[in-house]
2 protein chains.
Amino acid sequence: MDTLRERKKQRTREALLRTALELFTTRGYEDTTVDDIADAVDVSQRTFFRYFAGKEEAALALQEMTETHFLRAVRDRPPQEAPMDALRLAVLDSWDTLSEVVESVAPVEVFLRMYQVIESTPVLLAAHLRRSLETEEAIARVLAEREGVDIDADPRPRLAVAVFGGVMRLTERSWSTGGDTSLDAIRALTVQYLEQVGPALTGSWRTD
Amino acid sequence: MDTLRERKKQRTREALLRTALELFTTRGYEDTTVDDIADAVDVSQRTFFRYFAGKEEAALALQEMTETHFLRAVRDRPPQEAPMDALRLAVLDSWDTLSEVVESVAPVEVFLRMYQVIESTPVLLAAHLRRSLETEEAIARVLAEREGVDIDADPRPRLAVAVFGGVMRLTERSWSTGGDTSLDAIRALTVQYLEQVGPALTGSWRTD
DNA sequence: TTGTCAATTGTCAGTGACTGTCACTAGCCT
DNA sequence: AGGCTAGTGACAGTCACTGACAATTGACAA
């Protein structure tokens with residue numbers, strides 16, 4: 001990345017991504033065409049598709065980064081922690097250090113606003129959910145290795161991650177539809193929801 | 001539904017759907033164009049889009065039916081059952097009575113093969129996951145009402161359903177990638193996975 | 001410095017999903 | 001029988017995306 005060519009490429013990619021996110025968060029995803037993005041950066045449409053597999057990939061680029069970040073956080077957890085504890089502490093740690101990861105591309109607010117765009121754009125939400133599945137699979141493998149179990153023989157790794165993923169998905173949803181769209185808010189929701197998993201699964205909820 | 005017009009419409013829709021499923025399961029989803037389907041039924045492409053919002057909707061029509069079926073099964077559970085018990089018994093009941101629902105449109109094998117197509121086609125899987133979210137929301141509302149809690153104040157209904165949904169998603173996945181693609185197999189997997197949720201969430205998995 | 005090679009880009013043509021419009025046809029109803 | 005309306009086909013257009021080829025431009029050695 002020190003040759004002129006590579007720096008140029010880097011700059012083009014960043015320009016495309018930043019412009020795309022800018023347009024998506026202001027004008028909306030569906031109302032932004034790939035041509036709009038390419039024109040704004042002054043490259044051909046074809047070039048956009050050389051950098052991104054599709055419009056979706058650009059829209060989800062930040063989320064991709066944070067999921068990778070989360071995966072790394074899980075890997076870095078001390079091995080003596082129980083699986084669910086490791087997951088919980090890894091997410092919380094991820095939220096706390098998220099800015100550092102995201103800021104290299106765009107301000108955190110853009111990341112946060114993109115979340116709302118995703119949640120309110122059916123095709124984006126769909127794509128996001130599918131990608132989350134892939135992340136979950138990777139995490140399940142990490143957990144399986146930590147605990148020394150065979151991921152194909154023992155369903156617990158994938159099961160734990162699926163449950164955890166379900167809770168996180170719900171967290172994202174209620175954060176993005178709620179009033180407070182700050183990082184602190186999503187952190188607090190995470191804690192709150194994870195605490196409630198146990199109660200939600202056991203017996204009746206009736207208080208009478 | 002007894003005028004000639006309506007019978008004709010019904011027939012056109014069924015022909016389109018059956019043909020679409022036939023082509024998707026033999027040739028594959030991506031290798032089937034809407035024109036292929038329309039031509040095979042001898043209607044214009046425009047007509048296809050008058051019956052289905054898109055290619056995806058046709059591909060997921062059977063799954064839509066079974067999800068509605070499942071939702072109904074949840075509603076029909078005796079109210080004294082604990083939420084998670086109601087969900088578990090409702091899915092199992094759904095699998096058992098699935099044929100009746102599906103057979104009106106296509107043989108159950110088509111339904112089962114479509115599941116594999118969905119699981120192996122990224123854009124379909126994505127769309128399927130998103131629709132599942134909508135079903136989950138509906139189920140959460142049913143549970144909340146059963147238990148007499150406020151769905152917006154108490155996170156437990158959505159939480160329970162999210163966890164349950166995560167497990168079901170995993171069940172679908174491992175069924176569709178596994179060897180036995182029968183209804184019995186998916187039923188057995190459902191039972192097995194639900195039993196393992198508890199163990200997966202608690203403490204360490206190490207046996208040493 | 002220059003010439004060669006390889007990477008990057010633009011242009012163009014094409015496909016496939018989907019939408020709006022409008023005229024036409026065919027059941028429906030009196 | 002004749003008017004009304006739902007359903008259809010034909011057509012044109014948009015947008016995401018792809019393959020192919022030619023033009024450009026940086027890299028690197030002679």
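Quick note on labels: first sequence line is chain A, next is B, and so on, each numbered from 1.
Using a 4.0 Å cut-off, some side-chain N or O of A:K9 falls inside it from OP1 or OP2 of C:dT8. Phosphate proximity of C:dT8 to A:Y51: absent, as no side-chain N or O sits under 4.0 Å from OP1 or OP2. Contact between the side-chain N/O atoms of B:T47 and the OP1/OP2 oxygens of D:dG9 is found at a separation under 4.0 Å.
In this structure, a donor-acceptor pair under 3.5 Å is present between the side chains of A:E67 and A:T135. Side-chain contact, A:S174 with A:Y193: a donor N or O sits under 3.5 Å from an acceptor N or O. Side-chain contact check for B:W95 and B:T190: at least one donor-acceptor pair (N or O, by modelled atom type) lies under 3.5 Å. For the residue pair A:S182 / A:D180, a side-chain donor-acceptor distance below 3.5 Å is found, with atom types taken as modelled.
Using bins of under 30°, 30° to 60° and over 60° for the plane-to-plane angle, the ring pair A:Y115/A:H128 lands in the perpendicular bin.
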Per-nt protein contacts along nucleotides 25-30 of chain D (heavy atom under 4.0 Å; B base, S backbone sugar-phosphate only, - none) come out as BBS---
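In this entry the distance linking CZ of B:R50 with C1' of C:dT25 reads 13 Å, nearest Å. As rounded to whole Å, 17 Å separates atom C1' of C:dT19 from atom NZ of B:K55. For the pair A:F49 CZ and C:dT8 P, the interatomic distance rounds to 19 Å; values are reported in whole Å. Atom CZ in A:F48 sits about 16 Å away from atom C1' in C:dT9, given to the nearest Å. For the pair B:R11 CZ and D:dG7 C1', the computed distance is 14 Å after rounding to whole Å. Per the geometry, CD belonging to B:Q45 stands 10 Å off P belonging to C:dG16, to the nearest Å. Residue A:E30 contributes atom CD, which lies 13 Å from atom C1' of D:dT14 at whole-angstrom precision. Distance CG (A:D31) to C1' (D:dA16): 15 Å, rounded to an integer number of Å.
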For side chain to side chain contact (heavy atoms under 4.5 Å, CB included), just list the numbers for B:Q192 and B:R187, CA-CA rounded to whole Å, side-chain angles, deciding distance to a tenth of an Å, and then say yes or no. CA-CA 9 Å; B:Q192 184 201 333; B:R187 215 199 113 97; over 6 Å; no
Between A:R169 and A:L129, does a side chain to side chain contact (heavy atoms under 4.5 Å, CB included) hold up when you go through it step by step? CA-CA 8 Å; A:R169 209 176 59 217; A:L129 293 172; 3.5 Å; yes
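Using modelled atom types, no side-chain atom of A:D93 and backbone atom of A:A90 make a donor-acceptor pair closer than 3.5 Å. The closest donor-acceptor contact from the side chain of B:R146 to the backbone of B:P78 lies under 3.5 Å. Between the side chain of B:R75 and the backbone N or O of B:F70 there is no donor-acceptor pair closer than 3.5 Å.
Using a 4.0 Å heavy-atom cutoff across all strands shown, B:S44 reaches at least one base atom of the nucleic acid.
Remark on DNA chain D: of its neighbouring residues A:F52 and B:T12, the 5'-side contact belongs to B:T12, judged by nearest-heavy-atom nucleotide.
Nearest nucleotide to the B:T33 side chain, out of D:dT8, D:dC17, C:dA17: C:dA17.
Axis angle, first five pairs versus last five pairs of the helix from C:dT1-D:dA30 to C:dT30-D:dA1: 10°, rounded to 10°.
A donor-acceptor contact under 3.5 Å is formed by the side chain of A:R46 with the base of D:dG19.
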